[in-house]
Amino acid sequence: MALIEMKTPLVEMDGDEMTRILWQMIREKLILPHVALKSEYYDLSLLNRNDTDDQVTVDAANATKKYGVAVKCATITPNKQRMEEYPQLKKLWPSPNGTIRSILDGTVFRTPILIDAVHPAVRNWKKPITVARHAYGDVYKAVDLHTDEPGECTMTFRGESGRETTLSIQKVDGPAVFQGQHNKEKSIRSFARACFQYALDIKQDLWFSTKDTISKIYDGTFRSIFDEEFEDYRARFDALGLTYFYTLIDDAVARVIRSQGGFIWACKNYDGDVMSDMISTAFGSLAMMTSVLVSPDGCWEYEAAHGTVTKHYYRYLRGEQTSTNPLATIFAWSGALRKRGELDALPELTAFADRLEQASLDTLSAGTMTGDLSALVEPGFSARTVSSAEFLDAVAARL
Ligand code: NAP
Ligand code: MG
């Protein structure tokens with residue numbers, strides 16, 4: 001059988017631990033037998049980031065800007081404990097996802113993959129809920145201060161014009177903690193536009209929530225920018241019968257639980273971090289959550305929402321077969337190949353991405369699944385728990 005040709009290379013970002021093992025297996029068993037893969041490979045494993053002083057992460061992000069589509073494996077964000085595990089680390093390198101997000105300035109869309117055998121914990125959810133997470137600023141770019149005596153903390157903005165504004169944050173009578181956060185209008189505007197555009201692309205309603213009753217200026221600015229930007233999209237929303245609506249985050253949480261799903265929920269950076277874990281767990285498993293970063297200038301970076309599955313990796317290193325779920329990583333590949341196919345007008349590549357997803361879902365429907373899912377199936381559904389390799393072989397056979 002002839003291999004499916006590609007035009008533009010895919011930016012391929014390899015990663016760490018168990019997901020790095022899955023990455024190789026997915027390439028070899030599912031992609032390379034069918035596609036003449038053109039990729040520009042970046043090794044984002046912790047040790048290579050260390051060897052290159054993290055330049056490889058910056059290069060990978062810039063390559064994504066150049067080519068437009070990337071697929072990324074999960075990577076370790078080192079903490080103190082990792083310093084002991086990898087004594088050669090020159091420093092605690094920052095989160096690669098954080099670095100990539102700040103270069104691409106995008107919005108992360110996370111969508112659960114639903115299967116019949118596993119029902120969401122929330123019984124009325126029938127369709128996936130996509131969380132759109134703003135990927136710049138707020139607490140992720142905050143500065144923190146701990147103080148140990150009475151005093152006053154102030155915040156000063158010094159304009160380039162020379163004008164200064166100072167606010168008192170708080171006078172304290174003892175040890176205290178403070179935090180300074182920011183966001184940029186430009187980034188909020190592109191967050192809003194990415195959400196409106198994505199809603200039009202997948203033809204779903206868009207909800208947006210913040211806490212603007214308390215955070216009147218900060219969150220109030222998010223709200224008014226969304227309102228302003230929506231004017232550009234209103235006619236297209238109307239034409240498709242779609243709605244955009246804003247509500248307070250507490251109201252949104254209550255409505256999300258009562259809903260049937262099938263919409264996009266736009267959240268500020270921290271809210272999106274937390275809510276996407278809640279949504280994916282309630283839909284079944286973190287291993288069934290896909291994630292794509294969309295930048296305002298039209299770059300797409302696909303990945304799984306979960307981490308490197310460290311515990312399974314240590315079992316793998318001891319020579320055990322692990323039953324780690326590769327589905328979200330497969331969908332990262334299929335998402336990236338489909339987008340490459342769309343952008344390069346390669347219908348065969350797009351069709352391959354569809355077949356890859358269908359073969360994976362059919363394998364699950366036939367009851368062949370990894371342990372995380374077989375533990376969740378509905379009573380009466382007969383599931384056979386297999387290793388990652390066996391699961392991928394079963395998908396390859398269907399493909
Ligand atoms: P994790 O890798 O997501 O795994 C946490 C637990 O969730 C696992 O121990 C496993 O539970 C379950 N799990 C996650 N993915 C699974 C899969 N595909 N199949 C089956 N079970 C799965 O999170 P973590 O252990 O907190 O983090 C490990 C490393 O990943 C950290 O170094 C962190 O920095 C990194 N991380 C990277 C990303 C990213 O690159 N996008 C995101 C998050 C975390 P059981 O052990 O119960 O089976
Ligand atoms: Mg999180």
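Order of appearance sets the numbers: ligands from 1, and atoms from 1 within every ligand. Owing to the predicted nature of the structure, the values given are computational and were not obtained by experimental measurement.
Atoms of ligand 1 found under 4.0 Å from any heavy atom of R82, numbered from 1 in the order shown, are 29 (C), 31 (C), 32 (O). The atoms of ligand 1 that sit less than 4.0 Å from any heavy atom of K72 are 40 (O). Within ligand 1, counting atoms from 1 as listed, the ones closer than 4.0 Å to a heavy atom of T310 are 28 (C), 29 (C). Every atom of ligand 1 with a heavy atom of A74 under 4.0 Å away is listed here by number and element: 40 (O). Taking a cut-off of under 4.0 Å to the non-hydrogen atoms of T324, the atoms of ligand 1 that pass are 17 (C), 18 (N), 19 (N).
For R49 (side chain) and L44 (main-chain N/O), a donor-acceptor pair under 3.5 Å exists by modelled atom type. For the pair S45 (side chain) and G15 (backbone), a donor-acceptor distance under 3.5 Å is absent.
Here the protein heavy atom with the shortest distance to atom 7 (O) of ligand 1 is L286 CD2, 4.8 Å. The nearest protein atom to atom 33 (C) of ligand 1, hydrogens excluded, is given as T77 N, 4.1 Å; this is a heavy-atom distance. Annotation: atom 48 (O) of ligand 1 to nearest protein heavy atom, H312 NE2, 2.8 Å. If you check which protein heavy atom lies closest to atom 37 (C) of ligand 1, you get T75 O, 3.0 Å. Nearest protein heavy-atom contact of atom 17 (C) of ligand 1 is A287 CB, 3.4 Å. At the top of the distance list for atom 29 (C) of ligand 1, counting protein heavy atoms only, stands T308 OG1, 3.0 Å. At the shortest separation from atom 36 (N) of ligand 1 among protein heavy atoms lies G307 CA, 3.4 Å. Nearest non-hydrogen protein atom to atom 22 (C) of ligand 1 is V309 CG1, 3.8 Å.
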Could you walk me through whether S39 and R340 pass the side-chain hydrogen bond (donor to acceptor under 3.5 Å, both in side chains) test, one step at a time?
CA-CA 11 Å; S39 75; R340 201 60 279 165; over 6 Å; no
One pair to check against side-chain hydrogen bond (donor to acceptor under 3.5 Å, both in side chains): Y67 and E40. What are the steps and the verdict?
CA-CA 10 Å; Y67 294 115; E40 206 168 283; 2.7 Å; yes
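Geometric assessment of K268 against the ring of F222 yields a positive cation-pi assignment under the 6.0 Å and 45° thresholds.
By the definition of a contact as any protein heavy atom under 4.0 Å away, atom 12 (C) of ligand 1 is not in contact.
Heavy atoms from other residues, nucleotides or ligands lying under 6.0 Å from NZ of K29 number more than 12.
If you look at T19 next to ligand 1, there are no close heavy atoms at all, none under 4.0 Å. Under 4.0 angstrom from ligand 1, the non-hydrogen atoms of H306 come from both its backbone and its side chain. Using a 4.0 Å cut-off between heavy atoms, E303 contacts ligand 1 through its side chain alone, with no backbone atom that close.
Ring orientation note: the planes of F196 and F230 are tilted relative to one another, at an angle of 30° to 60°. Using cut-offs of 30° and 60° for the angle between ring planes, the F191 and H134 rings count as parallel. Aromatic ring pairs are classed by plane angle as parallel below 30°, tilted from 30° to 60° and perpendicular above 60°; the pair Y313 and Y316 is parallel.
Ligand 1 has no atom lying under 4.0 Å from any heavy atom of M18.
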